[in-house]
2 protein chains.
Amino acid sequence: MKVTELAKSLGTTADTVRYYTRLGLLKPAKSVNGYKSYSNKEVSRLKFILSARNLGFSVADIKQILNESEDGKSACPLVRSLIKERLEETEKQFQAMLALRGKMSSALSQWEEMEDKAPTANMVCHLIENFEQIKKA
Amino acid sequence: MKVTELAKSLGTTADTVRYYTRLGLLKPAKSVNGYKSYSNKEVSRLKFILSARNLGFSVADIKQILNESEDGKSACPLVRSLIKERLEETEKQFQAMLALRGKMSSALSQWEEMEDKAPTANMVCHLIENFEQIKKA
DNA sequence: CTTGACCTGTGTCTTAGACACAGGTCTAAG
DNA sequence: CTTAGACCTGTGTCTAAGACACAGGTCAAG
């Protein structure tokens with residue numbers, strides 16, 4: 001199987017396959033013409049990688065998990081602990097985005113009723129520089 | 001004013017100041033010893049940049065806004081249109097994070113009751129590979 | 001003069017791929 | 001057999017927004 005073939009069969013891009021290969025997550029054989037040749041084992045490996053990415057694991061996480069399982073050990077404990085970390089991070093980012101979204105939409109609606117002003121020596125844009133979010137009661 | 005001095009006075013890092021300087025958003029004079037020297041004008045410029053970053057504008061956006069205002073034009077229309085774009089992006093990312101968070105926390109709770117399994121030829125980790133999110137009714 | 005604390009600019013690194021590009025492969029037409 | 005064109009290849013570079021490393025410069029105290 002060639003790069004593009006593998007990629008399409010799992011609904012991803014050739015660049016993604018190349019990226020994982022570069023990192024050593026996939027280990028294709030070299031075909032005669034120098035092209036990479038992927039076996040069925042690589043297909044299921046890639047399937048795993050894509051599932052894990054979809055669940056929020058980082059590529060580095062996945063590398064770790066694959067290493068563990070290559071030693072014949074169960075990766076389950078590692079997987080549980082990693083997802084706990086990732087979920088915490090996601091939660092933080094989520095809260096940050098929630099706050100940002102609020103700020104932005106508040107700014108947008110405020111600014112629609114405000115006039116344009118030319119810049120001055122110490123003010124680039126009064127919309128931004130005078131913005132203060134209205135606090136929720 | 002030196003780099004660190006400026007950074008501390010506005011509660012940011014020297015690296016951030018250097019970064020903006022590298023991009024040309026700040027234009028310090030060169031002091032005798034080769035160090036960068038920031039004037040009061042740079043202070044208010046940086047203050048503006050930090051406010052805009054805080055509202056979700058990208059550094060590229062800010063560059064655009066600064067260019068506009070340097071020509072003496074009002075940046076307000078540009079600012080309104082940019083924040084609209086950024087807000088839409090933020091909304092998309094927000095929804096994506098919301099979905100991801102749900103998936104992850106669902107996985108976490110499911111996996112706590114599932115046993116460990118050793119890897120097999122075509123399965124790295126059954127937790128991940130057999131995961132299917134329970135759909136909300 | 002020397003020590004040590006702090007500061008400097010420059011260059012490299014990060015994520016997870018996307019994109020550019022020069023060249024190779026392969027199929028069909030001539 | 002040759003040629004054209006479509007498609008594919010690996011490698012190298014780019015992205016955002018700084019963080020970090022590092023060799024060397026500066027400056028006040030002793």
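Lettering of chains follows the sequences in order, A, B, ..., and the numbering in each one begins at 1. Note that the coordinates shown come from a computational prediction; the quantities given were computed from them, not determined experimentally.
- A:Arg53 is linked by a salt bridge (Lys or Arg N to Asp or Glu O under 4.0 Å) to nothing, counting only residues two or more places apart in sequence or in another chain.
- Taking 4.0 angstrom as the limit, B:Tyr35 places none of its side-chain polar atoms (N or O) nearer than this to OP1 or OP2 of C:dG9.
- At D:dC7, none of the side-chain N or O atoms of A:Thr4 fall inside 4.0 Å of OP1 or OP2 (strictly under the cut-off).
- When Watson-Crick and G-U wobble pairs are counted only if both distances are under 3.5 Å, C:dG30 pairs with D:dC1.
- Per the geometry, CG belonging to B:Leu23 stands 13 Å off C1' belonging to D:dT15, to the nearest Å.
- In summary, B:Arg101 and A:Glu91 engage in a salt bridge, as defined by a charged side-chain N under 4.0 Å from a carboxylate O.
- Counting only heavy atoms from C-beta on, A:Val59 has its side chain closest to C:dG17 among D:dT26, C:dG17, D:dG10.
- For B:Lys36, a side-chain nitrogen or oxygen approaches OP1 or OP2 of C:dT10 to under 4.0 Å.
- Across all strands shown, B:Arg18 has heavy atoms under 4.0 Å from base atoms, whether or not it also approaches the sugar-phosphate.
- Where A:Thr16 and A:Asn33 each meet DNA chain C at their nearest nucleotide, the meeting point lying more 5' is that of A:Thr16.
- In this structure, A:Lys92 does not pair ionically with A:Glu89, as no charged nitrogen and carboxylate oxygen lie closer than 4.0 Å.
- At whole-Å resolution of the value, OH in A:Tyr19 and P in D:dT11 are 16 Å apart.
- In terms of position along DNA chain D, the nucleotide closest to B:Thr13 lies nearer the 5' end than the nucleotide closest to the other residue of the pair B:Lys2 and B:Thr13.
- Across B:Ser44 and A:Asn122, no two heavy atoms sit closer than the pair OG-CA, 4.4 Å.
- Taking 3.5 Å as the limit, the base of D:dG10 and the side chain of A:Arg22 contain no donor-acceptor pair of atoms between them.
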